[in-house]
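Order of listing sets the numbers, starting from 1, for every ligand and every atom in it. Note that the coordinates shown come from a computational prediction; the quantities given were computed from them, not determined experimentally. Computed from heavy atoms alone, side chains included, the values below leave out hydrogens, waters and symmetry copies.
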Amino acid sequence: MIGSLFFSSFAIQGQTILPTPFKVEKTAGSFRIGNKLTIACASQQQEESNYLIQRLQNNVRIEKANERKADIHLQVAALPNNLGDEVYQLLVSGKQIKVTANTSTGLFYGIQSLLQLLPKEIQAGKAITLAGYRIPGIKVTDSPKYAWRSFMLDSGRQYQRPEFIKRYLDHMAMLKMNVFHWHLTEGQGWRVEIKKYPKLTVIGSKVAEGKEQQGFYTQEEIKDIVAYARKLHITVVPEIDVPGHSEAALTAYPELSCFGEAPKTVMGFSDVLYCGGREETYTFLKNVLDEVCELFPSPYIHLGGDEAPKGKWNKCPDCQGKIEEEGLKNSHELQMYFSSRLANYMKTKNKKVIFWGDVIYQDDFKLPDNVIVHWWNWRGHKDLALKNAIRNGHQVIANTNYYSYLNFPVSPWSNYFADRTFDMRTVYENNPSDIKEPDSLVLGMGCALWTDWYVYEHMVDRRVFPRIFVLAEQMWSRGERMPFDVFYRVVKEKYPVLREKGIDIGPGMKDEIEADFSWE
Ligand code: ACM
Ligand code: ZN
C-alpha cells in the first residue's frame, strides 16, 4: 500500500513503477537534470550503461565520469538483504542517482524502474530535452517473486515481422519479463529455417492461405532477434511442438507421418502426428533440434506435446510395433516414450525440456528429470498437471487458459464466445496461475497470445494491453497486493506512456467497451 499511496501523488504523466516494487520510500529532495548527464559504471556493466545511454541519447548530452562525481552511478555490489539474483536498489537523491544490484540483470531492472520515472515522451524514445527535469527523491528496493516470467507469442498460426517481435521484446523489458516463449511451429505454419530440411519453410511456411500466414524467420533473423533479446536480459525459448500441431511440417514431409499421408487440413489440430514408431522420425527431429539448439542458446527448449489425438497411432503398424518392442501399454505411453527420448537427447546438450501439461495427466510413466511441465489446461483439467508435476518432482510453469491467455478477449469476438473472455478484475482476483504460496517447484508464471482465428499483428496490442499489467504484477510483485480498484488506477496512470509508445490499448473491463470498438 505504501507504493500506491505514494504513487498517486507523484504520477503526473505515468511516472509510476510497474510491476509494483517490493519497497518504495519517498526521500527528501529531488535530482535536477542539468544540460548534461554523467554516468559511471564498472567495465563489466558497460552493456547496461550503454542501454541507458541509448535510451536517453536524444534527450540529453551524456558523458562518462568517475563514480563519485557521476550523476548516475550504476554498480554491482552485494546488497545487504539477500533477495536473490535479480534484486536491485534505486536511490534518487539531490546529489546522485544510484542503481545498485547483485548482478547485471538486477542492474538492468533498476534502469527500467529509473526510466519509468522520466517524462512519457522520453520513455517512448521521443526527442525532447531532459534538461531541467526533476526526479523526486526515492528509494526503491525490489526483486521478483518468480525467476520465470514469460510472454508467449504464437508465430505459428500467424506470422509476425521481426520488427514486431522486437517491439514486443521492448514491452517485455518494460514489464520486467525475462522469457520470450516463441511458439514457432503449428499446423498452420513452420516458421524457422532449418538448412537440412528446406521444405519445412519452402512448403511448411505457406500451408495456410489466410492473410499474414505466410512467412518464416531466416537463421540470420533469428540470431538477430536472440541477440536483441539478450541485451534486454530476455531469454528466447523456442517451441517446436511435437508430435501434434505439426500439420505444416507433415505437409512438407508426409513420409514422417503414420501411413505417409499429408494432413487433409492444417486448420485446427488433427490426429496426423509424426509417426512415433519409425526411427526416421527420431532422426529427423534430432537433426532439426541440432540446428534449433545452435540458434537458441537458451538452457530451455519447449517441445510442445499438447493435444495429440492418438487415432492414427492406434492403427499404425509401426507405432503398434514400437509399443510392443518397448513394452509400452498403449499410444499414450508411446508419447511418453517419444517425449522421453527427445528430453534425453536434449540432456546431452545440457538443456531442460518443457512440455505442455498433457504429458503428465497420467503419471505412471516416469519422465526424465530435465522435464519441466507447462501447466495450461485449467478449463479442461483444473490443476491436475500442477499437482502431478509436483508429486513427481518436476518444475512447473503456471500459464492457465483461465486467465493468462491474452487472446481470450474482454468481450466475445469471432469464435471466442462468452466463456472464453475475461477482464482485468477477473485475472487480478481469480487467476489460478497466481498462486499465493507456491511450492518451490513452481518456477514461475507465463502468459500467452495465441493467434488462432486470425489475430493479425495490428490486433495484438488491444488484446495484450492493459491486461498484461496484471500478469506482470503477478509474476514479479512479491509485496502485499493493493485492492483491484487501486491497482487499475495505477495502470491507467501508465496509459499516456503506452500511447506515446504507440501501443493500441484495448478495453480492460467489459463496461468500458465503446459502442464502436472492434477487436479487429
Ligand atoms: C495449448 O493451449 N494448446 C497449450
Ligand atoms: Zn505411426
Side-chain angles (χ1 to χ4, degrees), residues 150-157 181-188 237 239-247 250 253-263 268-282 284-285 302-326 328 330-335 337-339 341 354-361 372-381 384-386 389 396-408 415-416 420 432-433 446-453 455:
S150 61
F151 171 72
M152 190 214 82
L153 181 65
D154 174 3
S155 299
R157 291 184 176 88
H181 166 189
W182 201 1
H183 188 77
L184 280 165
T185 69
E186 254 307 327
Q188 290 164 45
V237 175
E239 180 181 350
I240 306 296
D241 198 348
V242 291
H245 287 278
S246 299
E247 291 83 354
L250 296 171
Y253 294 98
E255 61 273 27
L256 295 172
S257 68
C258 301
F259 311 105
E261 62 181 342
F269 63 93
S270 71
D271 63 357
V272 180
L273 315 179
Y274 287 95
C275 177
R278 286 203 306 278
E279 282 305 304
E280 287 84 343
T281 296
Y282 297 93
F284 169 86
L285 290 175
H302 203 306
L303 296 179
D306 58 324
E307 300 174 314
K310 304 300 186 303
K312 303 280 186 205
W313 279 16
N314 288 340
K315 294 193 204 111
C316 167
D318 294 310
C319 286
Q320 293 306 309
K322 184 68 92 186
I323 287 171
E324 195 168 323
E325 190 183 308
E326 295 292 332
L328 304 168
N330 50 35
S331 295
H332 168 74
E333 284 206 352
L334 180 58
Q335 185 178 347
Y337 164 87
F338 172 97
S339 306
R341 259 184 85 168
I354 304 165
F355 290 116
W356 295 108
D358 307 43
V359 300
I360 203 149
Y361 293 155
I372 296 173
V373 172
H374 201 144
W375 172 37
W376 70 277
N377 199 354
W378 176 268
R379 281 164 58 84
H381 297 274
L384 181 64
L386 171 73
V396 191
I397 297 156
N399 190 170
T400 46
N401 46 10
Y402 277 169
Y403 294 97
S404 63
Y405 278 16
L406 290 159
N407 47 305
F408 287 22
N415 279 29
Y416 292 95
R420 295 212 294 162
S433 290
C447 61
L449 192 282
W450 298 95
T451 53
D452 39 5
W453 308 112
V455 175

Run the side chain to side chain donor-acceptor pair (under 3.5 Å) test on Ser270 and Glu247 for me, step by step, so that the C-alpha distance in whole Å, both residues' side-chain angles and the decisive distance to 0.1 Å come before the verdict.
CA-CA 8 Å; Ser270 71; Glu247 291 83 354; 2.7 Å; yes
Just to verify, what does Asp306 make a side chain to side chain contact (heavy atoms under 4.5 Å, CB included) with, not counting sequence neighbours?
Asp241, His245, Trp356, Asp358, Trp376
Apply side chain to side chain contact (heavy atoms under 4.5 Å, CB included) to Ala398 and list each qualifying residue two or more places apart in sequence or on a separate chain.
Trp375, Ser433, Met445
Does some side-chain heavy atom of [Y] sit less than 4.5 Å from a side-chain heavy atom of [X]?
X      : Y      : answer
Ser150 : Cys447 : no
His183 : His302 : no
Tyr282 : Arg341 : yes
Tyr274 : Ser257 : no
Ile397 : Val373 : no

Salt-bridge contact Glu333-Lys322 (side-chain N to carboxylate O under 4.0 Å)
no
Starting from the Zn ion (ligand 2), count all protein N, O or S atoms within a radius below 2.8 Å.
4
Around ligand 1, what residues show up once you keep those with a heavy atom under 4.0 Å from it?
Asp306, Glu307, Trp356, Trp376, Tyr405, Trp450
